Participant: 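Structure incoming, see below.
As the structure is a computational prediction, the values presented were derived from the model and not from experiment.
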Amino acid sequence: MRKINNTDSIELSNQVVIKYLNYYLSLKESPDYAVLINGHLGAGKTFFIKKFLKNKDDFIYISLYGLSSIDEINTRICEVSLQKMAENKTKQISDWSLYYDNQDQELKLTSYFLSGKKYTQPLTQCQVNPFEQIKGNLLIVKNKPKIDWIEKAESYGRKYTVVYYPNNSRPYVMLSENIQIVSETNFKNDDLGKFG
């Protein structure tokens, strides 16, 4: 009978953890639980998980150190997801979308991963760059003859524009490429023809 030394024991434990983590990450739907890797300070937990995730392009790593609420965790996930997308969009996240959730009555951002998984969180917990408050109070929608008055508009990532109408607190999400926002004082009749 071969005696298992401490190094063999750690390697065996690591293989069991790796097998379970591979199963956990292969789930198509997000489970309602997390995996806790327990060990004393300096045992190598962070090193282990970073090494494990190194070649797994559809997943991100965040540290919970210093975070004290679910909102802080969600914000950190969103920041890291968008940062990863900006650093290497084709490697980590394939796309993102912005929409208004009628049930929760708030704007939400969804990150889409190459594996087919997605992660959605409130826009208030995310930071999208570049962000811009658009000047202007007239909305022109591509291929529509009508011009609408708006209260304000915000651009997110140059991909989506969130439009607010007067006397209506509900935000409306539009693809930036399909709209033009101009100021009433700078509007010319031929602006409509140029865009439509």
Participant: Just verifying a value: how many Å separate Ser94 OG and Phe113 CZ, rounded to the nearest 0.5 Å?
Facilitator: 9.0 Å
Participant: With a sphere of 6.0 Å drawn around NZ of Lys45, does it hold more than 12 non-hydrogen atoms of other residues, nucleotides or ligands?
Facilitator: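 Enclosed.
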Participant: Could you tell me if the side chain of Arg158 sits less than 4.5 Å from the side chain of Pro130, heavy atoms only?
Facilitator: yes
Participant: Roughly how far apart are Ile37 CD1 and Tyr20 OH, rounded to 0.5 Å?
Facilitator: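 If we round to the nearest 0.5 Å, Ile37:CD1 and Tyr20:OH are 11.0 Å apart.
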Participant: Verify side-chain contact (heavy atoms from CB on, under 4.5 Å) between Asn102 and Arg170, making sure each step is shown before the conclusion.
Facilitator: CA-CA 9 Å; Asn102 287 312; Arg170 182 200 188 280; 3.5 Å; yes
Participant: So which atom in Asp101 and which in Gln103 form the shortest heavy-atom distance, rounded to 0.1 Å?
Facilitator: OD1-N, 2.9 Å
Participant: Under the criterion side-chain contact (heavy atoms from CB on, under 4.5 Å), I'd like the reasoning laid out for Leu123 against Tyr100: C-alpha separation, chi angles, the key distance, then a yes or no.
Facilitator: CA-CA 10 Å; Leu123 181 62; Tyr100 181 75; over 6 Å; no
Participant: Let me confirm one number: the CG-OG1 distance from Asp71 to Thr124, rounded to the nearest 0.5 Å.
Facilitator: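 Going from the CG atom of Asp71 to the OG1 atom of Thr124 covers 7.5 Å.
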Participant: At their closest point, which heavy atom of Val80 faces which heavy atom of Tyr61, and how far apart are they?
Facilitator: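 Taking every non-hydrogen atom into account, CG1-O, 3.8 Å.
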Participant: Counting only heavy atoms not in Leu27 (residues, nucleotides, ligands), do more than 12 fall under 6.0 Å from its CG?
Facilitator: yes
Participant: Hey, could you give me the OH/CG distance between Tyr156 and Leu98, rounded to the nearest 0.5 Å?
Facilitator: 7.0 Å
Participant: List the steps, then state whether side-chain contact (heavy atoms from CB on, under 4.5 Å) holds for Tyr165 with Asn167.
Facilitator: CA-CA 6 Å; Tyr165 292 95; Asn167 304 315; over 6 Å; no
Participant: Is there a path of hydrophobic side-chain contacts, each under 4.5 Å between heavy atoms of I, L, V, M, F, W or Y residues, that connects Phe131 with Val162?
Facilitator: yes
Participant: Could you see if Ile49 belongs to whatever hydrophobic cluster contains Ile18? Use Ile, Leu, Val, Met, Phe, Trp, Tyr and a side-chain cutoff under 4.5 Å.
Facilitator: yes
Participant: Can you find a pair of side-chain heavy atoms, one from Val128 and one from Lys159, that are under 4.5 Å apart?
Facilitator: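 Of all side-chain heavy-atom pairs linking Lys159 with Val128, none is under 4.5 Å.
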Participant: CD of Gln180 to OG1 of Thr161: how many Å apart, nearest 0.5 Å?
Facilitator: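 One finds 11.5 Å between CD of Gln180 and OG1 of Thr161.
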Participant: Dump the intermediate steps for side-chain contact (heavy atoms from CB on, under 4.5 Å) on Trp149 and Glu151, then the final yes or no.
Facilitator: CA-CA 7 Å; Trp149 289 92; Glu151 186 74 30; over 6 Å; no
Participant: When you compare the side chain of Tyr160 with that of Leu109, does any pair of heavy atoms fall below 4.5 Å?
Facilitator: no
Participant: So which of Ile140, Leu138, Ile134, Asn137 actually passes side-chain contact (heavy atoms from CB on, under 4.5 Å) with Ile181?
Facilitator: Ile134
Participant: Over 60° means perpendicular and under 30° means parallel, so classify the ring planes of Phe48 and Phe52, tilted if in between.
Facilitator: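 Parallel: the ring planes of Phe52 and Phe48 meet at under 30°.
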Participant: Is Leu107 reachable from Tyr99 through a run of I, L, V, M, F, W or Y residues, each pair having side-chain heavy atoms under 4.5 Å apart?
Facilitator: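 No; tracing contacts between hydrophobic side chains, which count when under 4.5 Å, never links both residues.
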Participant: Just wondering, are more than 12 heavy atoms of other shown residues or ligands nearer than 6.0 Å to OH in Tyr33?
Facilitator: yes
Participant: Taking the side chain as C-beta and beyond, is there a heavy-atom pair between Leu53 and Leu25 under 4.5 Å?
Facilitator: yes
Participant: Side chains of Glu154 and Tyr164, heavy atoms from C-beta outward: is any pair under 4.5 Å?
Facilitator: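 Counting from C-beta outward, Glu154 and Tyr164 do come under 4.5 Å.
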Participant: Just how far is it from atom CD of Gln121 to atom CD1 of Ile73, taken to the nearest 0.5 Å?
Facilitator: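 Going from the CD atom of Gln121 to the CD1 atom of Ile73 covers 12.5 Å.
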